[in-house]
Amino acid sequence: GHDGEFRYISPACARITGYSAEDFMDDPELMERIIHPDDLPRYQSHKTATDRTLDSAPVQFRILTKSGETRWVEHVCNPVMDAHGEFMGYRGINRDITERQNAQDSLEHQLRFQAMLANISSLFVNTRIEHMDPAMVQALQQIGRFFQAERCRILEYSPDRNALELTHHWSGLEGDGTGPDLRRQWHVTQLPWTTHRMRAREVLTLEKGPGQPPEFAREHQLLSPDNARSVRLVPMISDGEILGLLLLESFGQLPAHHWQEQPDQMRMVAENLAGMIIRCRAQKELQESEARYRHICAVTSDIAYACLRDD
C-alpha cells in the first residue's frame with residue numbers, strides 16, 4: 001500500500017525463502033533481515049530510488065533462507081495506480097534466479113581461470129634462466145590470488161626422492177617472508193599419509209577441525225606450522241612422473257561455490273608448473289654443460305684435430 005504496509009504476500013515465498021507469507025505479514029522487517037549483509041545497501045538504494053521516481057530497474061541480491069542456504073533473488077516492483085491515476089502502492093515480484101546466477105558465475109570463473117593460466121604461461125616465454133625463479137614466484141602469486149590462498153609453495157622431490165624440498169615460495173601474509181625460520185625440507189618418512197595420497201594422484205583439500213583425517217593431523221602441523229585453516233595439496237606431474245607438490249594455504253573461510261571445478265583447475269595449474277620446472281632443469285643442465293665445455297677448452301693447451309687430404 002501507499003503507507004508501505006503489506007496487503008498481500010504469495011504463499012510461493014515459502015518455497016524461495018523458507019518463511020511463510022504469515023511470517024512476512026507479522027514481521028515487516030523480516031525481508032531486509034534475510035538479505036545478505038553485503039547486498040542490503042543495494043536493496044535499500046533500490047527502495048529509495050523507487051520511492052523517489054515511482055519506477056526503478058530490477059535489482060538482484062542474495063538472501064539467507066530459513067535453513068541457512070544462500071539463494072539469489074531478482075526483485076521487480078511497479079507502481080499501482082487507481083482509475084484516477086492516484087498512486088496506491090507497489091506490486092513487487094521476487095524470482096529465484098539462483099541457477100541462472102550460478103551458471104553466470106561459473107562462466108565468469110572459467111574465463112578468469114583461462115586468463116590466469118595464459119598469464120602464467122606468458123611469464124616463461126623467452127625467459128632467461130636467471131629470471132626463472134622470480135617468474136615462478138609471480139606465477140604462485142597469481143595462483144594464490146585466484147584460488148584465494150594466502151600462501152603458495154612448491155615442494156620438489158630431491159634427486160633420490162627421499163625428501164621434499166621447498167624451492168619456491170609466495171606469501172600474501174604480512175611479515176611472512178623466506179627467512180631462516182622457514183622450513184625448507186621434509187623427509188618422506190615424516191609425511192607417509194601425504195606421500196601415499198600424492199602418489200595416487202589425488203588433489204586434497206583438508207580443513208582444520210574435527211573433520212580432518214587423524215592421519216593428517218600431525219602432517220598438517222609439519223606442513224603448516226602456523227596452522228592454516230585450509231591446506232590444499234596438488235601433485236605436480238609431468239609425463240607421468242610426480243615432480244613434487246603444489247601447496248596452497250588459506251587462513252580464512254573458503255567459499256563453497258566453484259569447488260567442483262577447482263580440483264581439475266588445480267591439476268592443470270600444477271601440470272603447467274611442472275612443465276616449467278622441467279624446462280628450467282633442462283636449461284640449467286645445458287648451461288652447466290656449456291660451462292664445463294668452456295672450462296675444458298680453457299685449460300687444454302693442445303687441440304687435437306683430424307682432417308682429410310683432398311686427393
Side-chain angles (χ1 to χ4, degrees), residues 120 123-124 127 129-206 208 215-238 241-251 266-285 287-288:
I120 289 174
L123 290 172
F124 299 93
T127 302
I129 186 66
E130 60 269 23
H131 299 146
M132 290 293 285
D133 286 344
M136 193 68 77
V137 174
Q138 290 182 53
L140 289 179
Q141 181 183 48
Q142 293 193 37
I143 293 166
R145 289 177 174 170
F146 180 83
F147 289 112
Q148 296 179 284
E150 286 77 38
R151 185 163 60 209
C152 295
R153 292 180 281 169
I154 291 176
L155 311 182
E156 293 183 43
Y157 277 112
S158 59
D160 60 9
R161 304 191 67 81
N162 286 329
L164 284 165
E165 299 174 347
L166 175 65
T167 57
H168 299 91
H169 171 279
W170 170 81
S171 176
L173 299 171
E174 186 176 352
D176 184 30
T178 56
D181 293 337
L182 185 67
R183 183 162 185 170
R184 298 182 179 277
Q185 189 178 78
W186 296 259
H187 198 275
V188 292
T189 57
Q190 296 176 294
L191 305 169
W193 188 82
T194 299
T195 301
H196 175 73
R197 302 297 288 271
M198 289 298 99
R199 286 174 178 167
R201 271 65 170 173
E202 295 183 43
V203 175
L204 302 177
T205 293
L206 297 152
K208 182 176 68 175
E215 300 90 344
F216 185 67
R218 186 182 64 85
E219 297 179 25
H220 186 171
Q221 183 63 29
L222 286 172
L223 291 168
S224 182
D226 43 3
N227 213 14
R229 180 166 186 163
S230 170
V231 176
R232 284 168 283 180
L233 303 167
V234 191
M236 296 193 305
I237 302 171
S238 178
E241 179 187 2
I242 301 178
L243 304 182
L245 310 178
L246 173 62
L247 182 66
L248 300 96
E249 296 166 86
S250 299
F251 292 80
M266 285 190 284
R267 282 191 185 94
M268 291 178 64
V269 166
E271 288 175 5
N272 193 292
L273 292 178
M276 301 309 172
I277 290 171
I278 291 294
R279 176 185 165 191
C280 186
R281 289 178 181 178
Q283 288 187 0
K284 285 181 178 178
E285 289 173 2
Q287 191 177 61
E288 291 169 359

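If you're wondering where the values come from, they're calculated on a predicted model, not measured in any experiment. Only heavy atoms go into these numbers, but all of them, side chains included; no hydrogens, no water, no symmetry mates.
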K.L.:
Would you give the length of the straight line joining atom NE2 of His168 to atom CG of Leu246, rounded to the nearest 0.5 angstrom?
P.N.:
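One finds 12.0 Å between NE2 of His168 and CG of Leu246.
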K.L.:
Between CD of Glu202 and NE2 of His196, what distance do you get to the nearest 0.5 Å?
P.N.:
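Here the interatomic distance stands at 7.5 Å.
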K.L.:
Shortest non-hydrogen contact from Ala228 to Phe251?
P.N.:
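Nearest pair, atom of Ala228 first, then Phe251: CA-CE2, 3.6 Å.
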K.L.:
Could you state the interatomic distance from NE2 (His169) to CG (Asp133), rounded to the nearest 0.5 Å?
P.N.:
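That separation rounds to 14.0 Å.
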K.L.:
Answer yes or no: is there a donor N or O on one side and an acceptor on the other, between the side chain of Ser250 and the main chain of Gln148, under 3.5 Å?
P.N.:
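A pair under 3.5 Å: yes.
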K.L.:
Please identify which of these residues, Leu247, Leu155, Ile154, meets the side-chain contact (heavy atoms from CB on, under 4.5 Å) condition with Leu164.
P.N.:
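Testing Leu164 for a side-chain contact (heavy atoms from CB on, under 4.5 Å) against Leu247, Leu155, Ile154 leaves exactly one candidate, Leu155.
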K.L.:
In this structure, which one of Val269, Val137, Leu140 forms a side-chain contact (heavy atoms from CB on, under 4.5 Å) with Cys152?
P.N.:
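Per the side-chain contact (heavy atoms from CB on, under 4.5 Å) rule, the option paired with Cys152 is Leu140, out of Val269, Val137, Leu140.
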K.L.:
Do the non-hydrogen side-chain atoms of Glu165 and Glu156 ever get within less than 4.5 Å of each other?
P.N.:
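The answer is no; the side chains never approach within 4.5 Å.
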K.L.:
Quick check for you: to the nearest 0.5 Å, what is the distance between Leu123 atom CG and Met132 atom CE?
P.N.:
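That separation rounds to 10.0 Å.
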K.L.:
Leu248 and side-chain contact (heavy atoms from CB on, under 4.5 Å): which single residue from Arg153, Arg151, Met266 fits?
P.N.:
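The single option meeting the side-chain contact (heavy atoms from CB on, under 4.5 Å) with Leu248 is Met266.
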K.L.:
Do Leu223 and Glu249 come within less than 4.5 Å of each other through their side chains, counting heavy atoms only?
P.N.:
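Counting from C-beta outward, Leu223 and Glu249 never come under 4.5 Å.
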K.L.:
Do Leu243 and Leu273 have side-chain heavy atoms sitting under 4.5 Å apart?
P.N.:
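Sidechains of Leu273 and Leu243: no contact.
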K.L.:
What distance separates His187 NE2 from Thr195 OG1, expressed to the nearest 0.5 Å?
P.N.:
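Rounded to the nearest 0.5 Å, the NE2-OG1 separation comes out at 10.0 Å.
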K.L.:
Run the salt bridge (Lys or Arg N to Asp or Glu O under 4.0 Å) test on Arg229 and Glu150 for me, step by step, so that the C-alpha distance in whole Å, both residues' side-chain angles and the decisive distance to 0.1 Å come before the verdict.
P.N.:
CA-CA 11 Å; Arg229 180 166 186 163; Glu150 286 77 38; over 6 Å; no
K.L.:
Determine the minimum heavy-atom distance between Ile242 and Tyr157, stating which atoms define it.
P.N.:
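Heavy atoms only, the tightest pair is O-CD1, 3.6 Å.
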K.L.:
Using 0.5 Å steps for rounding, measure from the CD1 atom of Ile237 to the CD atom of Glu271.
P.N.:
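Result: 6.5 Å between the selected atoms.
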K.L.:
Hey, does Val188 have a side-chain heavy atom less than 4.5 Å from the side chain of Arg161?
P.N.:
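Arg161 does not reach Val188 side chain to side chain.
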K.L.:
So which of Leu245, Val234, Leu233 actually passes side-chain contact (heavy atoms from CB on, under 4.5 Å) with Leu204?
P.N.:
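Among the candidates, only Leu233 passes.
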K.L.:
Within the side chain of Glu219, is there an N or O that forms a donor-acceptor pair under 3.5 Å with the backbone of Trp193?
P.N.:
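Yes; judged by distance alone, with no hydrogens or angles, the pair exists.
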K.L.:
I'd like to know if the side chain of Ser158 reaches the main chain of Ala163, judged simply by a donor and an acceptor atom lying under 3.5 Å from each other, with no hydrogens or angles considered.
P.N.:
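Yes; at least one donor-acceptor contact below 3.5 Å.
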K.L.:
Can a donor-acceptor pair be found, under 3.5 Å and without considering hydrogens, that links the side chain of Trp170 to the backbone of Gly144?
P.N.:
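Answer holds: no.
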